[in-house]
Each structure stands twice: as C-alpha cells, then as structure tokens.
Amino acid sequence: MPRPFRFGASLLTSAPADEWRARCRRAEELGYDVILVPDHLGMVAPFPALVAAADATERPRVGTFVLNAGFWNPTLLAREVATTNDLTGGRLELGLGTGYIQAEHDTAGLPFGSPGERVDHLRRTVEELARLLETTKTRIPLLLGGNGDRILRLTAEHADIAAFTGASLEPGSTTGKLAPVDSAEFGQRVARYREFAAERAEPAELNLLIQLVAVTDDPASALGPLLERRPDLTLEQVLDLPVMLVGTLDGITAKLRALRDRYGFSYLTVLEPYIEAFAPVVEELRRNPLAEPARPLLGSPHE
C-alpha cells in the first residue's frame, strides 16, 4: 500500500500575533497536516513562529522548511530545536538544508563558502545535532532537502523525510533565482536518491515542494506570465513539470496520484500564496486517495 498523503502549508510572511494565529488556524481548517516556515532574511523567524503556530492550533505538526545550516552553530541550534519541540508539545519536524542564497550570507556577514563546504557544514550539523539531542530522549523527525549527489547521499543516511524542490539554482545567481528542472532530470535525481537509500531498513517519506497551483479549465491563461518569462518552454512542457499543478481538479489529483505511484511522493508542500487554491485538492485526495491515475506516468493535468 502507498503511504497516505500528507500536506504541508509553508507560511512565508511575518504578521502581528492575531493575524499569524488566524493564518495558522485557517491552514488547519483547510486540512493541512504540517505548518511550515522557511529560513530566509526578510521572512518569519523560524522558531518563535512555530511556537506561536502550535499554540494557535491543535492538530498540525510544525516544521522548518528548511533551516539554512550556514546560519546556525550546531550547539546553539540544538538548544533552539529542543526548546521548540518542548514548547510545541512534541510536534516539531526539523528541516535542514545547505542554504543557496549568497546575498543573504553577505547581508548577515556570514561566510557562504563553496558548494562542497556548505555540504560539509550541513553534515557536521546533522551529526552534531543527533549527538546533542540524544540526551533529550526525544525523536524529532529530520527532513533534508537538496538535489546534488552528496546531499542525496546524506539524506539517504540520516533523513526521515527526503525533500525535493524540482528546481535548481540558476548558474551565477547570488540572489537565489531558481529554474524548474524538466521531468527527465527530476526523475534522474529521484532515482539517484533511491540508489543511495537502497540499504535503508525503513524507507523515508518523500516530500515535494509545489511551486504553483491553479485549478482551472484554462491552463494557458494561468501560465501566461510564466511562459512569457520562459519562452524556451512550451505549455505542454510546463504542465508536465512535477512542481506545477495547473488544470482541472481531476487532472491535478490524477497527476499527484501518478507522482506517488511512480516516485513515492506522498508529502506535498505548497507555498503560502497557493494554500487556498490547493485546498480542494487536499479535500479530494483525502476523500479518494487511491483512485487510479489518469495516465501511467505524469501526464498533463489540463486534460
């Protein structure tokens, strides 16, 4: 049997207490299983935001999606994680990544380093956190995200949840500009992770970050601005991207069932601007999680 679907809502912008609590309660009302926050300058501070989210809700877990390991000293981070887990009633999921926006490190006066150095720091952080948190006797689920071989190997070794973005940093960008990877490259990255994870006793949960959601009978209009920015992509190519959910409700749910059947993605995260748009998809997949997908592979959800 496939894993049951889980749904994460990534809240990006800070707000006064009443507004923040209302947004968290709304995510809970819409059926999201996890309330997530990022770790970027100019957005919410992760740990106080998660404590407030847990206080405002009853059911959802809360998590970082994902912490920039380069911002954190592992020893001090362990204190934050343990305290946050206690204050949220054990509902914390810890997401970690290398960080990819050089401009944020420059603003903070922190070294950015090479890709290899960032992965080395992430490994040290993961291993040190495991050692330090062992004394709390609390098991906090670990999510790791990234596309490169070294990150995928680290994820296979340590993570309870393997997260994929379906996008990569544009060469030379210091501001974190991302471009979606095509379906072929996406499949290759998932296959590579599975090679590294072949010896795991328990398979990890697989997470996919959805970049855009539009339930519509007119996908061409919904994707018009994106196609103008990316003239190298056709409408069909964009619709087949795993991280783009544009089309009818039946088409989108069929695509997500196909993604789970083919790759194992059962934990789906949407960004804050699409939380309401994705809610009917959450409801339908809860009601009918095992319906046959419309196509054996990905397919285009606009049909």
Side-chain angles (χ1 to χ4, degrees), residues 2-15 17-40 43-67 84-85 87-95 140-143 145 160-166 204-215 242-246 249 252-253 255-257 259-260 264-291 301:
R3 281 182 185 266
F5 282 112
R6 283 207 304 157
F7 305 100
S10 182
L11 303 183
L12 308 177
T13 55
S14 187
D18 288 348
E19 181 183 340
W20 179 256
R21 291 169 61 86
R23 282 157 55 191
C24 293
R25 285 193 295 268
R26 180 58 177 161
E28 181 176 31
E29 290 169 359
L30 292 174
Y32 288 93
D33 301 288
V34 192
I35 295 171
L36 300 158
V37 296
D39 189 17
H40 292 297
M43 297 188 184
V44 294
F47 293 114
L50 293 180
V51 171
D55 186 59
T57 59
E58 296 181 1
R59 180 184 53 81
R61 298 183 67 86
V62 296
T64 56
F65 196 78
V66 294
L67 291 184
T84 301
N85 190 61
L87 293 177
T88 60
R91 292 156 64 185
L92 180 65
E93 293 181 2
L94 177 64
I140 299 172
L142 175 65
L143 176 151
D160 302 287
I161 305 164
F164 292 79
T165 63
E205 185 178 32
L206 267 59
N207 172 277
L208 181 62
L209 174 60
I210 304 301
Q211 299 290 335
L212 188 150
V213 180
V215 179
V243 297
M244 299 291 181
L245 299 181
V246 180
L249 179 60
I252 289 173
T253 55
K255 180 174 182 175
L256 291 174
R257 294 187 190 103
L259 281 166
R260 185 176 63 174
F265 287 104
S266 59
Y267 180 6
L268 307 169
T269 297
V270 295
L271 300 170
E272 185 171 1
Y274 306 111
I275 289 173
E276 294 283 345
F278 192 65
V281 181
V282 172
E283 182 179 359
E284 176 60 23
L285 289 175
R286 289 257 193 255
R287 180 169 54 243
N288 195 11
L290 297 176

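Numbers here are sequence positions counted from 1.
Separating the CG atom in Asp160 from the CD1 atom in Ile140 is a distance of 10.5 Å, to the nearest 0.5 Å. With values rounded to the nearest 0.5 angstrom, Trp20 atom CH2 is found 4.5 Å from Leu11 atom CG. Taken to the nearest 0.5 Å, the CG atom of Leu268 stands 7.5 Å off from the CG atom of Leu285. To the nearest 0.5 angstrom, Asp39 atom CG is 5.0 Å from Leu67 atom CG. Atom CZ of residue Phe65 and atom CD1 of residue Ile161 lie 9.0 Å apart, to the nearest 0.5 angstrom. Between Leu208 atom CG and Leu245 atom CG the span is 8.0 Å, to the nearest 0.5 Å.
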CA sep, side-chain torsions, deciding dist, call: Leu94, Asn85, side-chain contact (heavy atoms from CB on, under 4.5 Å): CA-CA 9 Å; Leu94 177 64; Asn85 190 61; over 6 Å; no

Worked verdict on Leu50 versus Leu92 for side-chain contact (heavy atoms from CB on, under 4.5 Å): CA-CA 8 Å; Leu50 293 180; Leu92 180 65; 3.9 Å; yes

Verdict with reasoning, Leu87 to Phe47, per side-chain contact (heavy atoms from CB on, under 4.5 Å): CA-CA 10 Å; Leu87 293 177; Phe47 293 114; over 6 Å; no

Steps toward side-chain contact (heavy atoms from CB on, under 4.5 Å) verdict (Val34, Arg6): CA-CA 8 Å; Val34 192; Arg6 283 207 304 157; 3.5 Å; yes

Verdict with supporting geometry, Thr269 and Asn207, side-chain hydrogen bond (donor to acceptor under 3.5 Å, both in side chains): CA-CA 7 Å; Thr269 297; Asn207 172 277; 2.9 Å; yes

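The main-chain N or O of Tyr32 is found under 3.5 Å from a side-chain atom of Arg59 such that the two form a donor-acceptor pair. Under a 3.5 Å cut-off, the side chain of Glu272 and the backbone N or O of Thr13 do form a donor-acceptor pair. Remark: the backbone N or O of Ala52 is not paired with any side-chain donor or acceptor of Arg21 at under 3.5 angstrom.
Nearest heavy-atom pair, Arg23 versus Ala15, reported as atom, atom and distance to 0.1 Å: NH1-CB, 3.1 Å. Ala27 and Ile35 get closest at one heavy-atom pair: CB-CG1, 4.3 Å. Minimum heavy-atom separation, Pro38 to Leu12: CG-CD2, 3.9 Å. The shortest heavy-atom contact between Ile275 and Ala9 is CD1-CB, 3.7 Å. Taking each heavy atom of Tyr274 and Val213 in turn, the nearest pair found is CD2-O, 3.5 Å. Taking every heavy atom of both residues into account, Cys24 and Thr57 meet most closely at O-CG2, 3.5 Å.
Of the options Ile252, Leu212, Ile210, a side-chain contact (heavy atoms from CB on, under 4.5 Å) to Met244 is made by Leu212 and by none of the others.
Residues Arg25 and Glu28 are not paired through a salt bridge, judged by the lack of any N-O separation under 4.0 Å between the basic side chain and the carboxylate. A salt bridge is defined here as a Lys NZ or Arg NE, NH1 or NH2 lying under 4.0 Å from an Asp or Glu carboxylate O, and Arg286 with Glu283 fails to meet this definition.
For the pair Arg61/Pro141, a side-chain contact is recorded, criterion being any heavy-atom separation below 4.5 Å from C-beta on. Within the 4.5 Å cutoff, the side chain of Leu249 has heavy atoms near those of the Val281 side chain. Side-chain atoms of Thr84 and Val62, non-hydrogen and from C-beta on, never get closer than 4.5 Å to each other. Contact check for Gln211 versus Leu271: side-chain heavy atoms found under the 4.5 Å cut-off.
For CD of Glu58, the number of neighbouring non-hydrogen atoms (other residues, nucleotides, ligands) closer than 6.0 Å is 12 at most.
Relative to the ring axis of Phe5, Arg260 places its NZ or CZ within 45° and under 6.0 Å from the centre.
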